[in-house]
Amino acid sequence: EMAEQYLKELEKGPWPSHVAEIRKTGYPLHVYGVGLVARKSPWGPSAVKAKRLTGVLARIARDWVPKGGEEVHFRVFHTPGRFLPTSYLRGIIKVAREYGIGLVEVVGQTGAMVINVRSKEVGDAMIEALRQVGTDVGGSGDAIRELNTCVGPALCEFALYDTLKWFTEFRKDKKIHDAIAVPGFPYKFKIKFSGCPMDCGRANRADLGFIGTWKGAPEVDQELLRKKIEAGEVDPNDLVSKCAGGAISWDAEKKELKIDGSRCKKCMYCIRKAYPAIKPGKERRVAVVVGGGSKGRYGPKLGWFVGYLKPDEVQKGIELVFKVIEPWDKEAQAKVRVGDYILMTGLYQFIEKTGIQLEDTPKLVEKLPDNVPYRVLPEEERKKYAQFAEELRRAVGI
Amino acid sequence: EMAEQYLKELEKGPWPSHVAEIRKTGYPLHVYGVGLVARKSPWGPSAVKAKRLTGVLARIARDWVPKGGEEVHFRVFHTPGRFLPTSYLRGIIKVAREYGIGLVEVVGQTGAMVINVRSKEVGDAMIEALRQVGTDVGGSGDAIRELNTCVGPALCEFALYDTLKWFTEFRKDKKIHDAIAVPGFPYKFKIKFSGCPMDCGRANRADLGFIGTWKGAPEVDQELLRKKIEAGEVDPNDLVSKCAGGAISWDAEKKELKIDGSRCKKCMYCIRKAYPAIKPGKERRVAVVVGGGSKGRYGPKLGWFVGYLKPDEVQKGIELVFKVIEPWDKEAQAKVRVGDYILMTGLYQFIEKTGIQLEDTPKLVEKLPDNVPYRVLPEEERKKYAQFAEELRRAVGI
Amino acid sequence: MSAIQLNIPNELDRFLPDIVKRNYGKWKERKFHGPGIIEHVSETGERVFTVKAALPPNARVSVDTLEKFADIADKLGVGALRITIAGNVEFITDSLEKALKIREELEKLGFPVGGWGGALWGINTCTAFLTCQIAVIDAPSIGKALGDALKPYFTGEEKLPAKLRVFISGCPSGCAGGTAIDIAIVGMWGAPPKIREEVLPLCMPPPKALAKIPESQVFLVQVCPTGALTLRREGEKIKLVLVGEKCINCGRCKDNCDAFDYDPKDVGAAILIGGKMANTGVGPRLARVLIPWIPANPPRYDEIIAVVKKVVDVWKKHGRPGERLADFVERIGWAKFVELVGAPKMAAQYLWWPDAARTYLTYRARGEVIFKGFRDAP
Amino acid sequence: MSAIQLNIPNELDRFLPDIVKRNYGKWKERKFHGPGIIEHVSETGERVFTVKAALPPNARVSVDTLEKFADIADKLGVGALRITIAGNVEFITDSLEKALKIREELEKLGFPVGGWGGALWGINTCTAFLTCQIAVIDAPSIGKALGDALKPYFTGEEKLPAKLRVFISGCPSGCAGGTAIDIAIVGMWGAPPKIREEVLPLCMPPPKALAKIPESQVFLVQVCPTGALTLRREGEKIKLVLVGEKCINCGRCKDNCDAFDYDPKDVGAAILIGGKMANTGVGPRLARVLIPWIPANPPRYDEIIAVVKKVVDVWKKHGRPGERLADFVERIGWAKFVELVGAPKMAAQYLWWPDAARTYLTYRARGEVIFKGFRDAP
Ligand code: SRM
Ligand code: SRM
Ligand code: SRM
Ligand code: SRM
Ligand code: SF4
Ligand code: SF4
Ligand code: SF4
Ligand code: SF4
Ligand code: SF4
Ligand code: SF4
Ligand code: SF4
Ligand code: SF4
């Protein structure tokens, strides 16, 4: 039939084929094929009883799918940095074979490993087996989801704080653990870590993101840089003209590169081009961004910057999770993401309500240039300004 | 009384005083003084019969002003570039003395000269006298207002087209003349000219503005530039780092300054610093901006760019006036400025309705990056895209 | 169309001085000779000097003074002067010596010479209490008080990072030039207007007509951008009512009908910062509200002067050479700037507009990016 | 709070390979050895090589294949591999020689090695028809078709100006990672959903309760961002109705209730361009709609592939070295970009949203500037 024809078509070509992989497993491929032909998802909602309140999902084929079918899968916690020693990996393989259908989504887009379960009956047994291997099931629904992080100091020279340590410390925290295990918030909540402004960890689109950065100018090893320039590896004029902040100038006589820290936008251009002659600055920080997400009530958004932490302030970072969650959890309607809630409250009031007070936490919200000067203010507001003017008058000495 | 005390206070201090000037004239200063004390404008609306439908304004003191008072003034056309040969100026002085109260606002913010009239009775006589001197009264209400222009080629080395010629050609045009003399649009309409991107003529905030510019890179006289650099007048690194577009690079070996025209934002920095070694480029244009204004229905706005004219296309510029006015005049409610109308229609549809088709007229409206991907399109729209995809498919060869 | 034939002065030949005509479009260089004086060098070798002097607020000059100007122009100049677009006067002559003499004469008359470059180029004010019926505060007297305070920046005794211009408008109409400027001071009622019922009928359709036309066709209802003005039925009568919570003090009702009035005790000024029209630096932009309301106390307006001085001080101290206020604010960020000035945290009400006001405020953000300069990428 | 005690794998010591532990945080240099292979140089003098290979769409791998991977890692690697955040596999080893061998083995198994720098780094797809009940189009099969078309950009036979990543999501939920990416392909119903009346009661309060609670408290009414879902009284009955004109196809109703359905003949994909998360170039930003709707025709999706190819061609031809798609579009301007691609003029309806949809769309523009990078000006 046509479904099979479509599936065959998807096994051709040079790119790895999911169909080819799935053929080797117990997944009901015909359901998928029928969906493709019908141009509709073949799956409808189903349920399964399990020892977990999050991470467990079940599907049943729609009634128009001939012969029907069932599908159950678990979201399984990944290892820090998604490193898989073969011993551990073989353990997972064993479980996926024994209790599953031999199919694994090795990483989901949030960061979990997704493993298909053979049938509704073996769910709890699989959970037990996964616990033996050293992991567990969880992180879906209106809860804290699987955390995610870039590989950080384990493999990357740019890591400005220890993303893997933060990631594990967060997951070890009792309150976070509980909020992963038991849903109860208005909507999902995601936490992501990136070691540097390149944001390989996609923290910019998390409900709460942590991104390594620094203050001031990148660090320049002038001697090494001169060598690289002489060797033709680095072109100083290229650095000057491509610097996102217009922060770099090159003194051709002294053969010295100067960087104006206050203009540096941390675009990493100079660093990527001239590493390690140019490196991130020494005053390292973790920028905190809040409210990203792909849909929610008001559409896609990136996070808002709410201040800096220091690389060793992981504990403060954990406290932030609940500072951010508290007013949202209390006030937001169901299916309103943190970012939507911020848009409703205003970042400015949100920061007040959460009590976030970090280094460089915005005190005033930047507005678009097209605001309008006309507005009736309540009398007490006017008094505030009158008082300010009065103080200023005295200070300026008029 | 207190009013006089306020007035005296305003005659003190080093800055020229309007009160001191007005004391030398027949203006009813006590009305002004009473207003200051009352913290309210002392003037209410009044009317005067005159041979002009625009440019004539009359006020009567509010009933709470002791002794009352009257005020009548005319908006008088200025000379091109507001040059005043003394012979002409003495003519104006004579009229202002004979028919007026000896008080002139030498230029209003739109660009007219404002002359106070002695009484409602001599209005028509003053108009006649002004005509003898070589000017006239007009430009208020829902009409084309007094045009305005920067001094341009008369005194300025930066002028990229002949602003004074455009200004006079526009005013000479019969249709524009009529639209100045007789009100009838939904709201006021202002036209301004600036010779270069510095916008001394404030064209960016006009209903229709013309701003001189060029395409590509500024012109560099390398030899002269080298001289200026050697003389310490110009610092090439300063040019590189302050260039708004990041367009400039300096080859220290060859002592050559390169400018990437496609990145030049016409910020004039390099030109101002190194003139005449660096000059505007040779491909000169007149940028047309539409829809600026200070209030209107939707608040303050700068104009939108709608395309380029060539420096000699003054006639096309004049045609543009009525292209812009036509749909607005037909469709907009009273007191809706052109810019408001554009916001209601969308720039994109506005351009279609007006039939504006200039060099680089935007074909697609730039949107803020935060638009949202979800929208139900009508079927015919979807067909358009399907057809495009089909053509593309064939073109790309799939 | 029109029977009126205006005598508009359009003869370039008549109005341009000869020396200007000879060098028209041929300028190749200019030099600044201290505050207010520019030497224009032409390809022909000729030189023209211009001397710029401040005029009183609202460019209000008596004919006596104008006569003295004419005399100076005849004696020391080329028999002509010009008024700048911003209401300063510019004398034209042909040697530096004469230019310096002109400066002397002008200063003797009390008109300071200055402006250009890193300086105050002048203060523009609308006419306000001098002639305007809808003024909320008086711009010319504020201009005078501010001029007294800022004069050293005009005459060059004290330097600024870049050009500074101040627009003072007596009400949100913004006749001093709107808000696309370094510093804009704008009159504000501070509270929703009151309707003088006795005057209102002059602006409304007669009761019988009113009963028939749809609300959206009533002029005053149309004019209000926020829907603060609506019709309400009171028994048999249809009344225009003003919903205070929706009013944003735009003044459009008063622009169009004398029945709208305000209470002097509520009145104040908004101060906006960081706009510009020139395409220099970060390009043209509207200013934004630094102070939504402060008292405007005549005749010396100490509070307003204090804020402006503080803003100028901050800019002077932290701004880089050549950096307009707008560029400076863009570089350091608005929040930082507000902190440096020390202004109170803006009221949440001011930042987060009620739904009713939103149309008025965000239409602009709905669509296009505002013209930001002249890019001609490939 | 919770009685459940999860066994979350947190032991860094257990999961990091020894060679990584020894050099943790000590990396000082890295070299790229052709597509997919990086050499990491540590202060300790040790070197680690990583080899990156593409996995099938949605990172779906059979245990048989995983076993082969484990064997390779044991034989040629350090007894460990890792999965990248984006669903590629990375093998870790200690010499270039072994790295090249690993590449060979992987390619033999049909997993191309590549990515990094000016290349396609991979395609992310959500699960869609594989397991998702709300999917509109099938992301994995589009990912496969697109991978076939773009493979030379992954393996380095053809070069790109900079990193390219594609996210393919079966519906607007954006599970492939949203739209802050170079190219995002998103499933679209193309027409307002239909309500399957027989299923609806499962998602609504019982009729008696419905009569009592205010409309704003009804979950499905709350969930719809545009007010397209409202209650209407039909005789005695209170009904949930869908106002098609207000619907923006966001899918939030269907996310929360299985009663919402669509017609396969209307279905298509939106293609968005020029987003990114990295702070490089112009900084993090959301992509914008290039194509609001085109047909999504399985199994080969020629139309979608054609658009993506065209976009890549334009970028390849006009982009500068190192310039991400977002940076390129920012430099030349959106209008110019659309022109180069040749896409039809966007429907006015698409650009100018009905009032009802405005909340959904412009809230973001109401207030703050989105976090644009890390500025720390004085
Ligand atoms: C499995 C996964 C796709 C994958 O194969 O990679 C996935 C699958 C689903 N997502 Fe997702 N989302 C997955 C990552 C994401 C991401 C990516 C991320 O986390 O960075 C996003 C965008 C980021 C974000 O959260 O905004 C994402 C945004 C959504 C949304 C929109 C949320 C919103 O704010 O509106 C929904 C809709 C909803 O919540 O009802 C959604 C809903 C769903 C549902 C539950 C829809 C449903 O009811 O059928 C999908 C379940 C499919 C299934 O059968 O398992 N999924 N979802 C990813 C989770 C695996 C993991 O934990 O690693
Ligand atoms: C005289 C002048 C101020 C001055 O002394 O310089 C002036 C004076 C008035 N303006 Fe203006 N405007 C003057 C230039 C401007 C400018 C500046 C400009 O043109 O660049 C603007 C801002 C730019 C713009 O047009 O947007 C300006 C924006 C307004 C507005 C707001 C228009 C809007 O779009 O909402 C109003 C309100 C109105 O139209 O009802 C207004 C209304 C008024 C009225 C007519 C209010 C009234 O009914 O009393 C003022 C009459 C005062 C009087 O007694 O003459 N005036 N007005 C300027 C005209 C003289 C001249 O022609 O040179
Ligand atoms: C005379 C005047 C035009 C006129 O037709 O009247 C004028 C004329 C010149 N302007 Fe201007 N500008 C004049 C108002 C303006 C305005 C409008 C305004 O002030 O309301 C602007 C836009 C202001 C803004 O951005 O909001 C303006 C922005 C500039 C700039 C850009 C300054 C900047 O840093 O952004 C320059 C360049 C400079 O100063 O180096 C400039 C430079 C010049 C120079 C000095 C050109 C030069 O550097 O050689 C012109 C001298 C010609 C001359 O000798 O008369 N002119 N200039 C105006 C004098 C106003 C005054 O009385 O002070
Ligand atoms: C492995 C991975 C992190 C992880 O924990 O899994 C990763 C690791 C590195 N990234 Fe990344 N990036 C990884 C996903 C990302 C993502 C997220 C994504 O693709 O979804 C981004 C943000 C994308 C965006 O902006 O939307 C990302 C943006 C970058 C960039 C900035 C690229 C740009 O031009 O904007 C660089 C710098 C570069 O390529 O020179 C970079 C560079 C790097 C380097 C190669 C650092 C370097 O240049 O030395 C890191 C290598 C460490 C290593 O050997 O493992 N990484 N990188 C991810 C590999 C994904 C893959 O399978 O291809
Ligand atoms: S985000 Fe930075 S530290 Fe983390 S992997 Fe990417 S480049 Fe390395
Ligand atoms: S990191 Fe980017 S912005 Fe900062 S100095 Fe380097 S190139 Fe410039
Ligand atoms: S706008 Fe340009 S051309 Fe006109 S006066 Fe100003 S600097 Fe000169
Ligand atoms: S005009 Fe401005 S943007 Fe253009 S090259 Fe000169 S400094 Fe750069
Ligand atoms: S700004 Fe207001 S007060 Fe000043 S002249 Fe214009 S309308 Fe009158
Ligand atoms: S027109 Fe403006 S000032 Fe008048 S009521 Fe409406 S919002 Fe208030
Ligand atoms: S993007 Fe849509 S189709 Fe894909 S998994 Fe998420 S909810 Fe399902
Ligand atoms: S929730 Fe979204 S898709 Fe559903 S009806 Fe409302 S707008 Fe349409």
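Keep in mind that what you see is a predicted model, and the values were worked out from it rather than measured. Naming convention: chains lettered A, B, ... in sequence-line order (proteins, then strands); numbering from 1 in each chain.
In terms of modelled atom types and a separation under 3.5 Å, the side chain of C:R82 and the main chain of B:F83 share no donor-acceptor contact. Between the side chain of B:N204 and the backbone N or O of C:M277, at least one donor-acceptor pair lies under 3.5 Å. Under a 3.5 Å cut-off, the side chain of B:K40 and the backbone N or O of C:F129 do not form any donor-acceptor pair. Proximity of a side-chain donor or acceptor of C:D138 to a complementary backbone N or O of B:L36 within less than 3.5 Å is not detected. Checked by atom type and distance alone, the side chain of C:W27 pairs as donor or acceptor with a backbone atom of B:P153 at under 3.5 Å. For the pair C:N279 (side chain) and B:M198 (backbone), a donor-acceptor distance under 3.5 Å is absent. B:H177 contributes a side-chain N or O that, together with a main-chain N or O of C:L6, makes up a donor-acceptor pair within less than 3.5 Å. At distances below 3.5 Å, not a single donor-acceptor pair connects side-chain atoms of B:R39 with backbone N or O atoms of C:K265. A distance-only check finds a donor-acceptor pair linking the side chain of B:Y27 to the backbone of C:L130 [under 3.5 Å]. A side-chain donor-acceptor contact under 3.5 Å links B:S41 to the backbone of C:C132.
B:K335 is linked by a salt bridge (charged side-chain N to carboxylate O under 4.0 Å, His left out) to B:D142, counting only residues two or more places apart in sequence or in another chain. For C:C257, the disulfide bond (SG atoms under 2.5 Å apart) partners two or more places apart in sequence, or in a different chain, are C:C203.
Counting only N and O atoms by type, the side chains of B:R171 and C:N10 include a donor and acceptor under 3.5 Å apart. A donor and an acceptor atom, one from each side chain of C:S173 and B:K295, are located under 3.5 Å apart.
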Run the side chain to side chain contact (heavy atoms under 4.5 Å, CB included) check on C:S141 and B:Y32 step by step: do they pass? CA-CA 10 Å; C:S141 51; B:Y32 178 64; 3.6 Å; yes
Salt bridge (charged side-chain N to carboxylate O under 4.0 Å, His left out) for B:R90 and C:D71? Distances and angles first, verdict last. CA-CA 10 Å; B:R90 291 188 202 275; C:D71 293 343; 3.0 Å; yes
Decide side chain to side chain contact (heavy atoms under 4.5 Å, CB included) for B:T135 and C:N7; before the verdict, give the C-alpha distance in whole Å, the side-chain angles of both, and the deciding distance to 0.1 Å. CA-CA 5 Å; B:T135 184; C:N7 187 19; over 6 Å; no
Go through the steps for B:T25 and C:V63 under the test side chain to side chain contact (heavy atoms under 4.5 Å, CB included), then give the verdict. CA-CA 8 Å; B:T25 72; C:V63 287; over 6 Å; no
Please determine whether side chain to side chain contact (heavy atoms under 4.5 Å, CB included) holds for the pair C:V223 and B:Q333, giving the CA-CA distance in whole Å, both sets of side-chain angles, and the decisive distance to 0.1 Å. CA-CA 9 Å; C:V223 144; B:Q333 281 182 342; over 6 Å; no
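Salt-bridge check for B:R97 with C:D64: passed, with a basic side-chain N closer than 4.0 Å to an acidic carboxylate O. Ion pairing between B:E157 and C:K28 fails under the 4.0 Å rule for side-chain N and carboxylate O. Between C:R60 and B:E21, none of the side-chain N atoms (NZ, or NE/NH1/NH2) sits under 4.0 Å from a carboxylate O, so this pair counts as no salt bridge. Taking a cutoff of 4.0 Å between a charged side-chain nitrogen and a carboxylate oxygen, C:K276 and B:D199 do not qualify as a salt bridge.
A distance below 6.0 Å separates the ring centres of B:W15 and C:F154.
In this structure, the portion of B:T149 lying under 4.5 Å from any heavy atom of chain C is its backbone and not its side chain. With a 4.5 angstrom heavy-atom cutoff, B:V137 touches chain C only via backbone atoms.
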